Structure formats: C-alpha cells, structure tokens
Amino acid sequence: MLVIEDGPSAKKHRRSTKVDDDAAAAERRKLIDAERRQLPAWAARDKLLQLLQEHRTLVLVGETGSGKTTQIPQFLLSARFGSRSRSRSSTAPGKPTSDKAGAAGTPGDIKSPQKATGVVERDGASRGAVTQNDGPAQNVHHVSINGSDGGGAANHGGPQQPTGKSVGGSDGSRAGGGAIAVTQPRRVAAMTVARRVAEEMGTKLGDKVGYAIRFEDVTSHSTRIKYMTDGLLLREALVDPLLSRYRIVIIDEAHERTVHTDVLFGLLKGVQARRGEDFRLIIMSATLDAARFVDYFPGAVAALIRGRQFPVRVMYTPKPEDNYLDAAINATLQVHADEGEGDILVFLTGQDEIDSAERLLKDRLATLQGSRGPTSSPSFGSRELLVLPIYAALPPEQQMKVFEPAPEGQRKAILATNIAETSITIPGVRYVIDTGHVKARDYNAKLGLESLAVVPVSQAQARQRSGRAGREGPGKAFRLYTEADFSVLEPTTPPEITRCNLGSVVLQLKAMGINDVLGFDFMDPPPRAAILRSLELLYALGALDAAGCLTEGVGRRLSRLPVDPMFGRVLLAATEMGCGQEAVAVVAMVSTENVFHTPRQKEREWRAARLKFVSREGDHLTLLNVFRGFLELPKESNKARTTWCSENFINIRAMRKAEDIYEQLVRFLGHPSPPGLGLQLATCGEDSTPLRRALTAGLFPHAAKLQPDGSYRVLATGRQVFLHPSSVLLDRKPACLVFNELMHTTRTYARDAVEIEARWLPELAPAVFAAKTIAAAAGPGVGINERLAPATTGVAAGARGRALRGAE
DNA sequence: GGGTTAGGGT
C-alpha cells in the first residue's frame, strides 16, 4: 500500500469494512473528528477563510503533516466557498468585503510582501536540527498563523447550497458549477486523499467528494470537492479555458513544479484576470518558496501553517568522500551497528547502482557475521539487517516488501532512488543516508537532445530527503558530503519545464488559442530555443501552418490525443494505412516505460525470455508481440497475467498501463461524435509494412541511416548516434530506421528503433525530405548526409521563420 | 559493442 504525502492522519487511515454498525460508525466519526482538530490546519481555519475573502490568490505554505490537503477544501466548502451563492455578492477586486479585516491585526501588512518582513518562526519540534544545520530560515514574506483556537468552527461538512446554474456558462458536466478543484501531481495521492476526505465528511466517495484521474472519474453532479491530477485539469482547460465549473482551484504540491503545474500557473493567471472576483486560487506548497508565487500572482498573499514533523538531526562528513557508493555502504553498516531502533533509507541514483550496492552490502554483512559468529557481538549481529531495493522499474511484488515491517529483531535497510523522496513513504524509517547525488534528465534544446546524468542534488532535495527520517519520530540524516559542499549546492532544482521537450506543451497552448507561445507568461520561461524547436517540429508534423497557427485537420486532432505529437501523427497515419489497431497497441506500449525487467544478475534468463517476442524488424514490433501475448491471457485472471509476466521478465504494471492507454485511444479514435475522431481502426495482420510506414509518417524527424562504422546518422540534423544496447536491432543494424528518442548517457543513443525503407521518406514527409535529395541519397555509395543535411536545415529554417511570424 | 531518475494525459 502506497502511503501518500501530507499527514499522519491519512497514513493511519484504514477503511472500515462495514458501516451498518451505526454505533461503531459514530464512534469512528468522533475519532476522525478529534484527529482533525489536532491538525495545525484546523487552528488556522478562520484566518485562512478571512484571507481568502480578501485576496484572490492565497499562497499557503503548509509543512509536512499540517493537514492542508485534506482540511482546507473542507473549510472552504463549509464556508460556502464551494457554492455559487456567494460569488455574486462579492465586491470589486481588491476591496475587502469584511470590515473585520483590520481587526485581525495584520492583513494590511500581508498584502504587500515587501513590507511584511515577518520572519517565519520555526519551532524546534517542527524542523529541529535540519533547520539549524541548513542555516537560517529564508526570509520570506509570510504571516505565521498561530492557531486561534478552532473551537467554534465545527460546521464542517454542513449541508450545501444547491448548485443551481453554474458560473461562467458551465457545460453541465459533472462536478458542476462552483466546485472546488484540488490538483495533485500524482494519481495515488488524488485517490487516497479523496477517500480520506469523503470519510471525514461522512459521504460516499464520488458523492460530495470525488476524484478524477486519467482512466477514472469518481465524481458526480453533486461533487463539490474534486481531487484530480494536475495533468487532468490541464486537459479540462483545453475544452473549458475559463475552468468555469470551478469556483476555486487549489494547486497542491506546487513546489514540485511539474510541467503541468507550471503551465497551469500561466493559464490560471489568465483565468483570474478574466473571471475576477468570481474565482479564487490557492497555491499550496511545502517549502518556503512562497515569495516566488506571491511575486508571480497579482494581489497574492502568503500564509504559513506549521507541520507535524519530528526533528531530524543532520550530520555531515568532515571531509569529502571520493566514492559515495562505498561511503553509503559504510554509513549503513555504521548506523546499523551504533544506532537504536528504526529502519535506514539510503538514497542512490539508479537501478544498477542499487543492484550493486545490494550485493556489496550483503557481502560485507556475510563477512562480518562470519568473523564474529552469529551472536557474538551485542551491538553487531544481534540484529539482522534486511537489505531491500526499491525503484520504479522493480516489479510490484518486490516493491511491496519495503512496506512490510521488519520482522522481530531485524532492521530494514532500503536502497532507493528518488522514488522515496516524494512518491512513496516507507514506514519505520528513522535514519536517512543521502549520497548527495541523483540521476536527472536534462534537455538540450539547441541539439534537441535529452540526457541522463548523475548530478549533485539541490539543497531543497537534500532537505526533502532528510525529512524522510522524521515522519514517525525523531530521526537522523547522514549527508555523505561536507557542510561546505552543501552550502554551494543549487538552492532548488530547476523546474522541469525549463529542461524538457516542449512538443506537447506548445501544441496544447496553440490549441487553447494561445498563439504567442514565446510570450506566454511562464513563471520560469523555458529556453527560447526549446520553444522554437517545438514550433519547428509541429510545423513539420503538419500540426501548425506556415503562420504558426494550429491546423484544423492534423493539429486539432493531435492536440486532443493524449500522446506525444509524433506518436499522435503515427496514429493518424495508421488509420489511413489500414493498421490502426496495431499502431494503437504500439503507441500504448511505447508510452509506457520499463516494460522489460532486466536485472543484471539474471541477464541470461531475461534474454532468453525476450527472444520469444523479438521481431527482427525492430523494437516497436517486438513490443507489439508482447502486447499481443498479454492480451491473449484471460483478462479476468490476475493469476495468469502475473505468472506470465514474471516468467517473461515483463513488468505487469507497465502492461496494465499500456492496456489502459490502448483502450482509451481506441475509444477516442473510434468514437463517432466530437471529442472522438470517428476513425476506422483496421488491422494489417501479419504484414508489418503498413505499420512501419505509419511509424515513419510520425517519426520521420528521427530517421537515421547506417554509417560504415556501425553508427547511425540522423538525417534531419546530421548528428551521429548509436543504437541503444537494449534494441533488438543491435545485432542486425538495418540500413535505415526511425527511432523514438535520443538519449545521451555515456554516448548519444537512439532508443526504440524500427527498420524502414529510405524511399518512404520523401513520400511520407515530402516537406522535409525533398524527392530529389533522397533519390541522390538512395544511390549506392552516395554521401547521403552531406546532401541531406543542408536541405533539411533549410526547410527547418523556413518553417521556423513562418511559424514565428505567427507567434510574434 | 553495451544500458533507464521520478512523475503525468478529454
């Protein structure tokens, strides 16, 4: 069971199996109520509501365990913020409704961040030594909310106003007019928090409180509080740019700065400008970066709610470690030998590193046991150390082991990637070992190249890691670097939107009528080159016209498909080429990561298993074979599926996700009326040619030709790349191929490749591959790249010029 | 000749 962020309350939550026992239910409600009142958020209730009446944007810094995610929406609802009735009675922007505004003492100061220098007081219990060692708390402009007692405020979950007609011309869809939307970066969080809040309010999930995530909508017409993923709200904005069905939008975990939240920021700013007093925005963030948000949103005010975090003592190494992996193993053994009860969480960078750390640690333990005898030392060997890996690609049954409590007399040492920073919370952890490194994705817009490299963490990330030791009691964090090293780390990790491919983002903005993408009000604008590159790509795909405007035929349809624009283009082409079914399966599979589980110590086994699926034509067809194999299993038999997957070293989570995407795409492409595209999904059977042609029609910007030295050259750019070692084509190296993506690690690798015919290119992408050039290139022994590169660059430059004219 | 951090989508 994954435990979500934000609070002991949610963590303790167990769903009651029966509610027919009224007495027990009432008892439970009392308990829940008592629990709620303990939460720091509860004490801040009245003040928060007051602030929100006076300001259109509230930036709420709620530390871990404050209860902000579960409580704030309920407060708003009980204060009728979640109903339509008060929206008309509110006053003009900037004019407080309440004459009590001054009485609270501070609102005047709060409004102007520059004046309100109130340093946030931080009590020791809240952050303890972490703060101390990290240096002084940042000087942020907030007001600290110290609970006025929340005694009188008990009408939570009271009867709600009938919704009537919604504001701003609602479309009458579910969770109708004036509801409260609360976004989360992760699906599990949206689900579990919604479930908890429904229970607190004593309603059925999907009734007054619900959630919506991709593939799942548990809301109804009576839903007033809707927890959802940020990506989903972004999708809704495509259809309803004013988000008219919501009176309040809450962006939770805003400090994580996902691509989705960052785009939402810009959109919401526009929504505020157009909806005025009719709309309220709350930005909830766990770290003290409120000033950024306050500066960005006009008229915003910040407030802090304390958390319930136990103190964590942070230790640094006196001098730099030259091998953090060795250091981590030593530190783990030392903590195990010297420290009291509690599990150890070690942050490493990736699967390989975790695998080898696991081996090294187990070897060291065996040696120690052997030299001392099984029970010789009271401090060492008296307790066993249970070494457990956790990372996203690990099969679920192995992942589950970290959530089980250590058996009596044992201690867990969990070797984790940054999955344990935010996505999952592991119970029992009291010691954190931070190697100070992380494997991170980056994007070089000029080269259109993604890279994956081990880099130092940011200070914020280091704090987040340390905090994992203080969830259940006082803890200790061991940073395997010096305090001086910490002080020179970047304060925060740059937002993702500044370091990723923007194809989808630019397409979405265009589809929402935001034509001047370069001028979009991003909180942190992505590199200009990244936007330009996306415009070029979208033009090449036919999604934008020469003026940079969305094309109705291709562009509009691509914007609605929930896949990368290049894959969307593959799907559209496939429906015309009679291989829609196969293409949907392939796109679903490539939209899923970690299909194959490839543990290093079982390489022979997984290679043998994979052979059954291998297509000599490439990775896409191999993935298609896997998907077909999976679909042949009885859908209702979980057992059969689990067994098949584990026998074949296939990740069942990935397969379930691929199946969901497949079904969603089939529904979408096939459905006859508007949101659907009403396209026929035919099958090409065993003939792979139509499918490979369809893939070419979308992936042509990634077409590459074999070079004499065994490497490949990307036709559109002239770049030299290598086939990724995981490709089934590695032994066969066809003369021409298209691939999904480039990734730079030790070298520049092309991942997921499929063989194509060079002569298809001018036919399927005439704007980019002039027939003449290809004809020359197709001749034997002709230096194809030298001829192609200038031609394609010229086209790209032309596209850029035209696309920009529309944009600027 | 050799390898993938984590999230997310009407």
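Throughout, protein chains are lettered first and strands after them, A, B, ... in sequence-line order, and every chain is numbered starting at 1. Everything quoted here is computed from the prediction, not taken from an experiment. Atom set for the values below is all heavy atoms of this structure, side chains included, hydrogens, waters and symmetry mates excluded.
Within 4.0 Å of A:Tyr391, counting heavy atoms only, lie sugar-phosphate atoms of the nucleic acid but no base atom. Residue contacts for A:Leu238: at a heavy-atom cut-off of 4.0 Å it reaches no nucleic acid atom on any strand shown. Across all strands shown, A:Leu723 has no heavy atoms under 4.0 Å from either base or sugar-phosphate atoms. Within 4.0 Å (heavy atoms only), A:Asp731 reaches at least one base atom of the nucleic acid. Across all strands, A:Arg751 comes closer than 4.0 Å to base atoms (heavy-atom distances). Residue A:Glu603 is classed as a base contact, given a heavy-atom separation below 4.0 Å to a base. Residue contacts for A:Val454: at a heavy-atom cut-off of 4.0 Å it reaches no nucleic acid atom on any strand shown. Nucleic acid contact for A:Gln351: sugar-phosphate only, since backbone atoms but no base atoms lie under 4.0 Å from a heavy atom of the residue.
Checking B:dT10, B:dG7, B:dG2 against every side-chain atom of A:Arg186, the shortest atom distance belongs to B:dG7. Here the side chain of A:Ser726 is nearest to one of B:dG7, B:dT10, B:dG3, namely B:dG3. Here B:dT4 is the nucleotide among B:dG9, B:dT4, B:dA6 with the atom lying nearest to any side-chain atom of A:Tyr749. Listed candidates were B:dA6, B:dG8, B:dT10. Nearest to the side chain of A:Val239 is B:dT10. With distances taken from any side-chain atom of A:Ile419 to the nucleotides B:dA6, B:dG2, B:dG9, the minimum falls on B:dA6. Among B:dG9, B:dT4, B:dT10, the nucleotide with an atom closest to any side-chain atom of A:Ile213 is B:dG9. Side-chain proximity of A:Arg747 to B:dG3, B:dT10, B:dG2: nearest is B:dG2.
If you find the closest nucleotide of DNA chain B to A:Arg607 and to A:Asn418, the one lying nearer the 5' end belongs to A:Arg607. Heavy-atom nearest nucleotides on DNA chain B were determined for A:Ser559 and for A:Thr417, and the one closer to the 5' end corresponds to A:Thr417.
Side-chain contact check for A:Tyr712 and A:Lys733: no donor-acceptor pair (N or O, by modelled atom type) lies under 3.5 Å. Residues A:Arg610 and A:Thr598 have side chains that never bring a donor and an acceptor to within less than 3.5 angstrom of each other. When only modelled atom types and interatomic distance are considered, A:Glu236 and A:Tyr246 share a side-chain donor-acceptor pair under 3.5 Å. Under the 3.5 Å distance criterion, with hydrogens and angles disregarded, a donor-acceptor pair is assigned to the side chains of A:Ser466 and A:Arg479. Between the side chains of A:Gln720 and A:Asp709, at least one donor N or O lies within less than 3.5 Å of an accepting N or O.
Atom-to-atom, CG of A:Asn651 to P of B:dA6 comes out at 11 Å; the value is rounded to the nearest Å. Remark: C1' of B:dA6 and CD of A:Gln461 are 10 Å apart, rounded to the nearest angstrom. In this structure, A:Leu233 atom CG and B:dT10 atom C1' are separated by 12 Å, rounded to whole Å. If you take CG of A:Leu507 and P of B:dG8, they are 22 Å apart, rounded to a whole angstrom. Separating the CG atom of A:Leu234 from the C1' atom of B:dG9 is a distance of 9 Å, rounded to the nearest angstrom. In this structure, CD1 of A:Ile497 is placed 17 Å from C1' of B:dA6, rounded to the nearest angstrom. The separation between A:Arg465 atom CZ and B:dA6 atom P is 12 Å, rounded to whole Å. Going from atom CZ of A:Arg257 over to atom C1' of B:dA6 covers 17 Å, rounded to whole Å.
For B:dT4, one of the phosphate oxygens OP1 or OP2 lies less than 4.0 angstrom from a side-chain nitrogen or oxygen of A:Thr745. Distances shown here put every side-chain N or O of A:Arg441 at or beyond 4.0 Å from the OP1 or OP2 atom of B:dT4. The phosphate of B:dG9 has neither OP1 nor OP2 within less than 4.0 Å of any side-chain N or O from A:Ser591. Between A:Gln664 and B:dT10 there is a side-chain polar atom (N or O) within less than 4.0 angstrom of OP1 or OP2. Regarding contacts with the backbone of B:dG7, every side-chain N or O of A:Thr229 stays at 4.0 angstrom or more from both OP1 and OP2. Residue A:His724 places at least one side-chain N or O closer than 4.0 Å to OP1 or OP2 of B:dT4.
Looking at heavy atoms from C-beta onward, A:Val182 lies out of side-chain contact with A:Lys226 at the 4.5 angstrom threshold. In this structure the side chain of A:Phe522 reaches within 4.5 angstrom of the side chain of A:Ile497, judged on heavy atoms.
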